[in-house]
Each structure stands twice: as structure tokens, then as C-alpha cells.
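Heavy-atom basis, side chains included; hydrogens, waters and symmetry copies ignored.
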Amino acid sequence: MRKVTSLGEAPDSGLTAPNAYRAAVIGTGFMGRVHSHAVRAAGGEVVGVTGSSPDKAERFRIDNNVARVHADALELIHSDDVDVVHVCTPNHLHAPLSLAALAAGKHVVCEKPLATDADTARHLVRTAKEAERVAVVPFAYRFHPMAREARARVATGSIGRVSLAHGGYLQDWLLYPEEDNWRVDPDLGGPTRAFGDIGSHWCDMLEFVTGDRITSVSAQTSRVNDTRDGRPVTTEDLVALQFATAGGVIGGAVISQVSPGRKNRLVLEVSGTEGSLLFDQERPETLWAGSRGRTGVITRDDPELSPDAARLATTPVGHPQGYQDCFNALVSDTGAAIAGRIPEGLPVFADGLRAAVLAEAVLTSADERRWVDVPEVDGG
């Protein structure tokens, strides 16, 4: 397979863009559109797409300037002009399609969850390592510049020793019983919904910002709607989580897909012995910082912004960056990794395995109503 090379640094941004990043996108829903845009924004090309039906794939091809449609995902994966396979399908297809792509010698960007169980996720991590392919899971909120700034400030000790972390991830798109989605079906989405879909993002952000690992959890789950569209529901709408970390941090998070008025509110506050930091994904242009002496707001044009945060700040302050910009940066860094560099903070399959292990611990805790230890994982 032809190696993807890089153009180097983009002017005034520090981001890298691939010179030849030829992508296959499998899946024509919202995430397929986000991935396709990110590939083009990073200088790549979506050479082919496949979806759940030929009509959907053709509409996607036209709307997203894709070269061609394939009726068969495996045929597209094995195409000679595909370097990277982006898996944007329902969850139950993530593992088989990623394994097929790795077997074909392709790099992979697979939507989370990497797999609907931890054992399969472990197999995917081993397979990617043996194949020597770049294998990425889009924990894209890592690519907000101010999330990187929070990470840098924790790492340099500016808030002292971290003792507490808390927050949550709230949405409302499944509030009503007539609202349904494939994610609700455990055969398609897996045994966890709210935690697996968005709680995994919050835990990844916590561990990424603090550099610490959750070692034990106590969780409760709940459903607001026991039926959806006339069908019984077994996956959770809500999760209340307590945790402890290897570094001695304690904290909690609330995860919900049924909180009226909350659209995509991921909030993380980290408190140390000298100060606190708060990041709000719906207000990503700033980072709140507080201490006993003062409180303030850090913006993307702060002259003391860390190099990694500054690298991701690609537009002047006042020209907001958001969710799609995070994906653009993730794909750009994926191209850099394929070219042989090691981009800071790129989430890989080991991070997807980490999320799967945490999800199983959360479900066990909720089912058995007890604290559960979270096992460490190789490479995770």
C-alpha cells in the first residue's frame, strides 16, 4: 500500500495535513458526514462510500463530493486506492469492519465504541499492533484547544495536586418515548447506551486532562422511558457515577440523554491544592481558572497558552472553533501518524479498549450495586 506523506505544518496553525490521504467512509449518517468533511479539510480525499442502502450511499456521494459508491463494504475496503478506512456505522459493525480493514493492510479510524465488549476490543488492539497500522478512535473533544490547555496546566502543576474531579455529559435528544434510534437496541448498539455513547467521552476527557486513571467505580443507571416506539427498552437513559483514581482523586459525573434543554453539555471541573479549572464543551473558546486569590477566564489568545493548545488554535479569537474543527484536527493528526510522526494526544485503539473496560465496570457496578475495581489494560 502506498504510504501517506505529509505537507508539513499548515500556515499559522501548526497543524499537519496529509498530502495523500485516500479514505473510504463506511456509513452515511451524521458521523459519516463529519468524517468526510474532516478528511477534505485535512487535504485528503474520500474516494468511496458505502451505506445501509444504495440510495442513501448515492445521496451521500452527491452531497459530500465522493468519487464513487460501493454496494459492498468489503469491496470498498480492498480497493487499491484506499489508504484509510473510516468506520461510521452502528456499533455492532465496528469490530468486524475494522478487522477486515486491518487484514487488508489499511489504516483505520473507527467510531467509538471500538467494540461492544472488552474482549473484542482487546483483540482489535492486538490486531492493529501486529498489522503495524495506525488505528484511531475519535475521542474528538481532546482536540479543543482549551481542553489541551487544561491538560497542560495540570501537567505543569499550576493547580497543585489534583484532589477532585466532577462534571457530566447531558443531552436531551432521547427525552420522549416516541424518540428512537438504533443505539437503543442492544443488538446494534451494545449493552450500554448513555454511558457507552457519551459517558465514555467524559471519562476519556477526565483521564486525558489529568493524566490519571480511574481505578474503581460505583454507578447507578436508570431509564426514564421503558418503551420506545412501542418496543421495550433495556439500555439506560441515565448514569450517576462515583469514582476514585490511581492518583488519589475522587469525584463523580452525571450522564444523561434525557435532560430537557441540554444539547451536548460535556463539563469537566478539576480541583487541586492550588487552583481549579473548568472546561465546558458548549463554550469551548474559554477555560475557567480559579484560586483562593482570584478567578478568571483563559482565552485562546492568551500569550502564555501552551504549545499544544496553540497548535490547535487555528482561527483568531472571535472566530469560534467547535466540534467539526476538532474532527478536522483529529484527521490531520491521523495523517501525521501515518506519515511516521507521533502527534500529541492522538486517541488510538488502546483508548477505545480503555473505554470498553470502563463501560463493563460501570454496568457491573450498577447491576450488583457495589464498588467495582477497573482493571488496567495493556497499552490502555
Side-chain angles (χ1 to χ4, degrees), residues 27 29-38 41 88 90-91 109 111-113 137-151 165-176 179-184 189-190 192-209 221-222 224-225 228 235-241 252-270 277-288 297 300 312 315 319-331 345 347 351-352 355 358-359 362:
F30 170 68
M31 293 315 304
R33 296 194 299 274
V34 170
H35 282 244
S36 295
H37 182 91
C88 310
N91 299 346
V109 180
E111 266 301 320
K112 57 100 199 81
V137 175
F139 287 114
Y141 299 124
R142 292 184 179 195
F143 288 84
H144 280 300
M146 303 318 291
R148 294 292 177 110
E149 183 64 15
R151 183 178 189 237
H166 58 94
Y169 198 156
L170 307 178
Q171 298 177 332
D172 70 356
W173 68 287
L174 286 171
L175 177 62
Y176 299 122
E179 292 171 322
D180 203 1
N181 183 268
W182 59 260
R183 291 173 177 83
V184 175
T192 171
R193 174 172 30 98
F195 185 83
D197 189 20
I198 59 176
S200 57
H201 274 296
W202 191 89
C203 290
D204 180 78
M205 183 69 81
L206 166 74
E207 295 191 340
F208 183 68
V209 167
T221 62
S222 179
V224 171
N225 298 302
R228 290 188 180 276
T235 54
E236 78 281 357
D237 291 318
L238 303 164
V239 181
L241 174 69
V254 177
I255 310 302
S256 170
Q257 293 178 318
V258 291
S259 292
R262 294 301 188 187
K263 303 308 177 184
N264 202 51
R265 191 167 192 258
L266 187 161
V267 175
L268 172 66
E269 182 164 345
V270 178
L277 298 167
L278 183 144
F279 174 76
D280 182 348
Q281 197 277 147
E282 288 190 339
R283 294 173 173 82
E285 294 289 281
T286 60
L287 179 69
W288 179 88
V297 174
R300 285 197 289 113
L312 296 170
T315 63
H319 301 76
Q321 290 183 223
Y323 178 78
Q324 184 66 61
D325 296 283
C326 291
F327 263 88
N328 298 353
L330 179 140
V331 170
D351 299 298
L358 276 166
V362 165

task: Determine the minimum heavy-atom distance between Pro320 and Asp325, stating which atoms define it.
output: O-OD2, 4.5 Å
- prompt: Do the side chain of Asp237 and the main chain of Asn225 share a donor and acceptor less than 3.5 angstrom apart?
  reply: yes
query: Under 3.5 Å, is there a donor-acceptor pair between the side chain of Arg300 and the main chain of Thr315?
result: yes
- prompt: If we only count heavy atoms from C-beta on, is the Phe279 to Glu149 side-chain gap below 4.5 Å?
  reply: no
- prompt: Can you name the closest pair of heavy atoms from Ala150 and Leu277 and give their distance?
  reply: O-CD1, 3.8 Å
message: Restricting to non-hydrogen atoms, name the atom on Cys203 and the atom on Leu358 that form the minimum distance, rounded to 0.1 Å.
response: CB-CD1, 4.0 Å
message: I'd like to know whether Gln257 forms a side-chain contact (heavy atoms from CB on, under 4.5 Å) with Asn181, so could you lay out the CA-CA distance, the side-chain angles of the two residues, the decisive distance to 0.1 Å, and finally the verdict.
response: CA-CA 12 Å; Gln257 293 178 318; Asn181 183 268; over 6 Å; no
- request: Kindly give the heavy-atom pair with the smallest separation between Gly252 and Trp202, and that separation in Å.
  value: O-CH2, 3.9 Å
Side chain proximity check, Val224 to Ser256, heavy atoms < 4.5 angstrom: no
query: Taking atom CG of Leu287 and atom CG of Asp280, what is their separation to the nearest 0.5 Å?
result: 10.5 Å
task: Identify the heavy atoms of Phe208 and Arg151 that sit nearest to each other, and give their distance.
output: O-NE, 3.0 Å
- prompt: In Å and rounded to the nearest 0.5 Å, what is the NZ to CD distance from Lys263 to Glu282?
  reply: 9.5 Å
field: Donor-acceptor under 3.5 Å (Gln321 side chain, Pro145 main chain)
entry: no
message: I'd like to know if the side chain of Arg228 and the backbone of Glu179 have a donor-acceptor N/O pair within less than 3.5 Å.
response: yes
query: Donor-acceptor pair, Glu111 side chain versus Asn91 backbone, under 3.5 Å?
result: no
task: Drop me the distance from Arg183's CZ to Thr235's OG1, to the nearest 0.5 angstrom.
output: 11.5 Å
- line: dist Arg193:CZ -> Leu238:CG (nearest 0.5 Å) comes out at 9.0 Å
Distance (rounded to the nearest 0.5 Å) between His37 NE2 and Arg33 CZ: 12.5 Å
query: side-chain hydrogen bond (donor to acceptor under 3.5 Å, both in side chains) with Asn264: which residues, sequence neighbours excluded?
result: Tyr141, Tyr169, Gln171
statement: Of all heavy-atom pairs linking Ile255 and Ala194, the shortest is CG2-O, 3.6 Å
Partners meeting side-chain contact (heavy atoms from CB on, under 4.5 Å) with Ser200 (sequence neighbours left out): Lys112, Phe139, Ala355
message: Would you say that Phe143 contacts Arg148 through its side chain, given a criterion of any heavy-atom pair below 4.5 Å between the two side chains?
response: yes
message: Are the side chains of Pro138 and His35 in contact, using a 4.5 Å heavy-atom criterion?
response: yes
query: Is the closest side-chain heavy-atom distance between Glu236 and Thr192 below 4.5 Å?
result: yes
task: Supply the atom-to-atom distance Leu312 CG to Asn328 CG, rounded to the nearest 0.5 angstrom.
output: 11.5 Å
message: So Met146 and Pro284, do their side chains get closer than 4.5 Å, heavy atoms only?
response: no
